[in-house]
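Hydrogens, waters and symmetry mates are skipped; everything else that's a heavy atom, side chains included, is used.
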Amino acid sequence: MAENMTISKTLTVGSPMGLHARPAAQVVHIAGRFQSDLKLCRTDRHGEADCRSVLAMLMLAAGKDTVLELHATGSDAAEAAAALEAYFQRNFDEV
């Protein structure tokens with residue numbers, strides 16, 4: 001795989017509680033499994049966050065239905081993006 005592969009995905013926060021502390025910590029945990037640089041950016045241009053920082057993700061203030069753009073860059077970018085996309089699609093495993 002290319003060392004500088006970049007993958008972008010559009011993710012929507014589906015959880016009624018938004019991207020709060022527990023799912024933000026889980027995103028950090030998922031991101032920690034990969035080497036790639038992972039960033040979440042609000043599509044309304046009101047912030048961006050490194051996926052390895054809980055505080056940065058909380059500063060996104062991403063409530064329900066917030067649309068985020070995931071940018072993954074690195075040798076395992078496709079796998080990292082797929083793992084984070086699946087977590088968002090499962091609404092952070094919240095009932």
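- Summarising the local packing, CD of Gln35 is surrounded by 12 or fewer heavy atoms from other residues, nucleotides or ligands at distances under 6.0 Å.
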* To do: Check step by step if side-chain contact (heavy atoms from CB on, under 4.5 Å) holds for Leu70 and Cys51.
  => CA-CA 9 Å; Leu70 171 66; Cys51 290; 4.2 Å; yes
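- A distance of 10.0 Å separates OG1 in Thr12 from CG in Asn91, rounded to the nearest 0.5 Å.
- Note that NE2 of His29 is 12.5 Å distant from CZ of Arg52, once rounded to the nearest 0.5 Å.
- The distance from atom OG of Ser53 to atom CG of Leu38, rounded to the nearest 0.5 Å, is 13.0 Å.
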* Checking side-chain contact (heavy atoms from CB on, under 4.5 Å) for the pair Asp76/Arg33: CA distance, chi angles, key distance, verdict? -> CA-CA 10 Å; Asp76 57 0; Arg33 299 186 338 224; over 6 Å; no
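- Nearest heavy atoms, Ser36 versus Ser75: OG-N, 3.9 Å.
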* To do: Just do the side-chain contact (heavy atoms from CB on, under 4.5 Å) check on Phe92 and Gln26 with the steps written out, would you?
  => CA-CA 8 Å; Phe92 309 138; Gln26 185 61 23; over 6 Å; no
* Steps toward side-chain contact (heavy atoms from CB on, under 4.5 Å) verdict (Glu94, Arg22) -> CA-CA 10 Å; Glu94 295 177 342; Arg22 191 196 61 77; 3.1 Å; yes
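- The two residues His20 and Leu58 have their closest heavy-atom pair at C-CD2, 3.6 Å.
- In this structure, Leu84 CG and Ile7 CD1 are separated by 12.5 Å, a value rounded to the nearest 0.5 Å.
- Among all heavy-atom pairs drawn from His71 and Cys41, the shortest one is CD2-SG, 3.7 Å.
- Not a single donor-acceptor pair under 3.5 Å links the side chain of Lys64 to the backbone N or O of Ser15.
- Between the NZ atom of Lys9 and the CD atom of Glu69 there is a distance of 10.5 Å, given to the nearest 0.5 Å.
- Ile30 CD1 to Phe88 CZ: the interatomic distance, rounded to the nearest 0.5 Å, is 9.0 Å.
- Across all their heavy atoms, Ala72 and Ala77 have their closest contact at O-CB, 3.4 Å.
- Taking each heavy atom of Pro23 and Gly18 in turn, the nearest pair found is CG-O, 4.1 Å.
- By the 4.5 Å heavy-atom criterion applied to side chains, Leu60 and Leu40 are counted as neighbours.
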